[in-house]
Number of protein chains: 2
Amino acid sequence: MLKPERQSLILHQLNIHNRVLSSDLSQQLKVSEDTIRRDLNELADLGKLVKVHGGALSKSYGHTTVRSEIYAPDEKEIIARKAMGLLHDGMYVLMGGGTTVSALVRLFPENLRLTVFTISPNIAIELIGHPNIEVFLIGGRVTAETQICLGGEVIHRLSEIRVDLLLMGTTGIDTAAGITETDIEVVQIKKAMMKAADKVAVLSISEKLGTSHRMKLCEIGELDTLITELPSDDPAIQPYARLGATIL
Amino acid sequence: MLKPERQSLILHQLNIHNRVLSSDLSQQLKVSEDTIRRDLNELADLGKLVKVHGGALSKSYGHTTVRSEIYAPDEKEIIARKAMGLLHDGMYVLMGGGTTVSALVRLFPENLRLTVFTISPNIAIELIGHPNIEVFLIGGRVTAETQICLGGEVIHRLSEIRVDLLLMGTTGIDTAAGITETDIEVVQIKKAMMKAADKVAVLSISEKLGTSHRMKLCEIGELDTLITELPSDDPAIQPYARLGATIL
DNA sequence: GCAGTTTTTTCAGGTTTTTGCAAGATTTTT
DNA sequence: AAAAATCTTGCAAAAACCTGAAAAAACTGC
């Protein structure tokens, strides 16, 4: 294992987990902790991570979104891992915003070949530099609350594209209320996204099961796949399976 | 085994494995490690691989896409500070990409009220959460090299907007050659941006003064303002003032 | 084919980089 | 406050590197 390889592996780990431990890396990469510490310090000097006692934290573009700021990172990683199974070389994929979708993007191996459309600047930036993924960002008005591109122009652009798969998070999901959102504009955008995609997959932590909000996006049956961190035979998600969504 | 044979074999190995060790290649090709090292250095000079201690890595991923390590941050902050003087409440501003423009955005005080259009996902994200700035991201294909949105759709959208001021960085700037870029697509986008703006301001560290590249964007005289980190009476920028640009 | 030239390779040496270890300092946890 | 974990520093060994000179190979014009 060459030093630059080791260092870029460390950065990759950071991208996925947002944190690394010197002791873990030492075992995993079969080098002494001193070496890991030296690597971490070098990478910290280059500004690629933040060194802390015991390991390092990722710093993504200026404002450090560390793991602790992401809600339920472990669950989201499980979800992301399951969602990877839906992706195959050559696919055209449309991606929404949110930290769950971000977690998925971070798992993309470098040999995965995709064409990705997204309304999230964050997702676009995460994918920049990936050697085999072409990224199209659909532009619009960007707001702090949603962190995605909104507006009529986005809907118009979405009407012009056709993709194999839509991957998006959700705000509320309930057997009776269906998929719901708080923001009417988000509903409009998501409806347009669903129209553009042959298959629709929703990523959601189980905590959101049974919650609902004011703005209705669609019924559960309109989804093709629902992915949570729960095992697919968990009683909590059986009702959703009966409504027609494939559970992963 | 002839030298070109050996070298193309090395490149072949790299394509497959993404890495090679000098020691391995030495054994495999039955030549001394010195010869291998010389080969690797030659290929590295040609830009076909990245030489590292112990061997070489393929150029494809991770190692080349350095997470925007900001070059000359101090100079860029001086430039950004000067550029702030061009901005006033209520303005419509169009912003290009690049670290110099990012430095400017970070200086925006909370009470600054602007409407910002940008082709850079990074700029859009920097501005997310600013209480008094409305951000419109103009979408398109995003590439690793430029980190901005490219494509015909961007140019079309730019043709539909009209802003008070364009703020952008540059690649090459020279009294004779004017403003130049390495990428023809970037030139097209920047020309469209210039058309959309009443006034054009270019931010450039003084290091770029006197440099030129293959693709011409415009003459110095077509700029309204040129901002470098040098004092406005520095002899190095006087020639640009004579060509019609206001120097800050 | 052959003497002369150029290119390529190897080898020897001294230098630099990388890594692991140990000792003592520092931080975190109990 | 003591104990445990982690960090820093200095050092030494191993590996990799570079330089220049000499040997080997390939090429040149005659």
Side-chain angles (χ1 to χ4, degrees), chain A residues 1-60 64-74, chain B residues 1-67 69 71:
Chain A
M1 167 92 34
L2 297 159
K3 188 169 89 144
E5 279 186 288
R6 199 179 51 229
Q7 296 194 347
S8 93
L9 233 150
I10 291 173
L11 289 175
H12 187 239
Q13 290 277 324
L14 262 178
N15 255 339
I16 296 173
H17 301 293
N18 281 94
R19 64 179 276 213
V20 288
L21 302 178
S22 308
S23 51
D24 279 1
L25 288 171
S26 164
Q27 285 203 314
Q28 208 174 313
L29 304 176
K30 312 247 196 284
V31 290
S32 74
E33 289 195 25
D34 299 84
T35 303
I36 296 295
R37 268 192 282 275
R38 261 186 291 253
D39 283 340
L40 295 181
N41 282 326
E42 280 175 32
L43 292 170
D45 286 345
L46 293 174
K48 303 199 178 184
L49 50 76
V50 180
K51 178 83 186 65
V52 296
H53 197 92
L57 300 173
S58 83
K59 66 168 202 183
S60 59
T64 46
T65 35
V66 288
R67 181 188 173 86
S68 54
E69 289 172 19
I70 298 174
Y71 183 71
D74 297 328
Chain B
M1 165 94 32
L2 291 91
K3 189 164 88 144
E5 277 186 282
R6 198 179 52 229
Q7 295 196 346
S8 77
L9 228 146
I10 291 173
L11 289 175
H12 186 238
Q13 291 272 322
L14 259 180
N15 263 335
I16 299 170
H17 297 111
N18 278 333
R19 66 178 271 218
V20 288
L21 304 179
S22 308
S23 52
D24 279 3
L25 288 171
S26 164
Q27 285 202 314
Q28 210 172 312
L29 304 176
K30 312 251 196 280
V31 289
S32 75
E33 290 197 23
D34 298 84
T35 303
I36 295 296
R37 265 192 284 276
R38 216 161 331 101
D39 284 338
L40 295 181
N41 282 327
E42 281 173 29
L43 293 169
D45 286 345
L46 294 174
K48 307 215 169 184
L49 51 76
V50 180
K51 178 81 185 68
V52 300
H53 198 94
L57 299 170
S58 91
K59 276 188 90 168
S60 63
Y61 193 36
H63 326 284
T64 46
T65 26
V66 202
R67 286 225 164 207
E69 175 189 338
Y71 180 72

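Side chains included, hydrogens not; waters and symmetry mates left out as well; all remaining heavy atoms used. First the proteins, then the strands, lettered A, B, ... as listed; each starts at 1.
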Asker: How long is the line joining CG of B:Leu21 and C1' of C:dT18, in whole Å?
Answerer: 15 Å
Asker: Expressed in angstrom and rounded to an integer, what is the separation of A:Leu40 atom CG from D:dT8 atom P?
Answerer: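 For the pair A:Leu40 CG and D:dT8 P, the rounded distance is 10 Å.
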Asker: Between A:Val52 and B:Ser22, just flag the one whose closest nucleotide in DNA chain D comes earlier from the 5' side.
Answerer: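 The answer here is A:Val52.
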Asker: On DNA chain C, check which nucleotide each of B:Ser32 and A:Glu33 is closest to and give me the residue with the more 5' one.
Answerer: B:Ser32
Asker: Give the rounded distance in Å between these two atoms: CD of B:Glu5 and C1' of C:dT9.
Answerer: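 B:Glu5 atom CD is separated from C:dT9 atom C1' by 16 Å.
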Asker: Rounded to whole Å, how long is the line connecting atom CD of B:Gln7 with atom C1' of C:dT8?
Answerer: 11 Å
Asker: So if I take every side-chain heavy atom of A:Lys3 and compare against D:dC7, D:dA16, C:dT19, which nucleotide ends up nearest?
Answerer: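 Given the options D:dC7, D:dA16, C:dT19, the side chain of A:Lys3 is closest to C:dT19.
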Asker: Among D:dT8, D:dC7, C:dT10, which nucleotide has an atom closest to any side-chain atom of B:Val31?
Answerer: C:dT10
Asker: Work out which heavy atom in A:Ala44 is nearest to a heavy atom in A:Lys51; give both atom names and the distance.
Answerer: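 What the structure gives for the nearest pair is CB-CB, 4.0 Å.
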Asker: Side-chain contact test, heavy atoms from C-beta onward, threshold under 4.5 Å: evaluate it for B:Val52 versus A:Lys3 and give yes or no.
Answerer: no
Asker: In whole angstrom, what separates A:Asn41's CG from D:dC7's P?
Answerer: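 Value for this atom pair: 9 Å.
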Asker: Once you round it to whole Å, what is the distance between P of D:dT9 and CZ of A:Arg38?
Answerer: 12 Å
Asker: Which residue lies toward the 5' end of DNA chain C, B:Arg6 or A:Arg6, if each is placed at its nearest nucleotide?
Answerer: B:Arg6
Asker: How about B:Lys48: does its NZ atom have over 12 heavy atoms from other parts shown lying under 6.0 Å from it?
Answerer: no
Asker: Name the closest nucleotide to the B:His53 side chain, picking from C:dT18, D:dC7, C:dT19.
Answerer: C:dT18
Asker: Quick one about A:Ser32 and A:Thr35 (side-chain donor to acceptor, distance below 3.5 Å, no hydrogens or angles considered), yes or no?
Answerer: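 Note: A:Thr35 and A:Ser32 side chains meet the donor-acceptor criterion.
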Asker: Can you tell which of C:dC21, D:dT6, D:dC17 lies closest to the side chain of A:Arg37?
Answerer: D:dT6
Asker: Does a side-chain N-to-carboxylate-O contact under 4.0 Å join B:Arg37 and B:Glu33?
Answerer: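 Yes, charged N to carboxylate O under 4.0 Å.
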Asker: Take the protein atom CD1 of A:Ile36 and the nucleotide atom P of C:dC21, then report the distance between them rounded to whole Å.
Answerer: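 So the CD1-P distance, A:Ile36 to C:dC21, works out to 14 Å.
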Asker: Please report, rounded to the nearest Å, how far the P atom of C:dT19 is from the CG atom of A:Leu29.
Answerer: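 It is 11 Å, rounded to the nearest whole Å.
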Asker: Identify which nucleotide among D:dA16, C:dG20, C:dT28 has an atom closest to any side-chain atom of A:Asp34, counting heavy atoms from C-beta outward.
Answerer: C:dG20
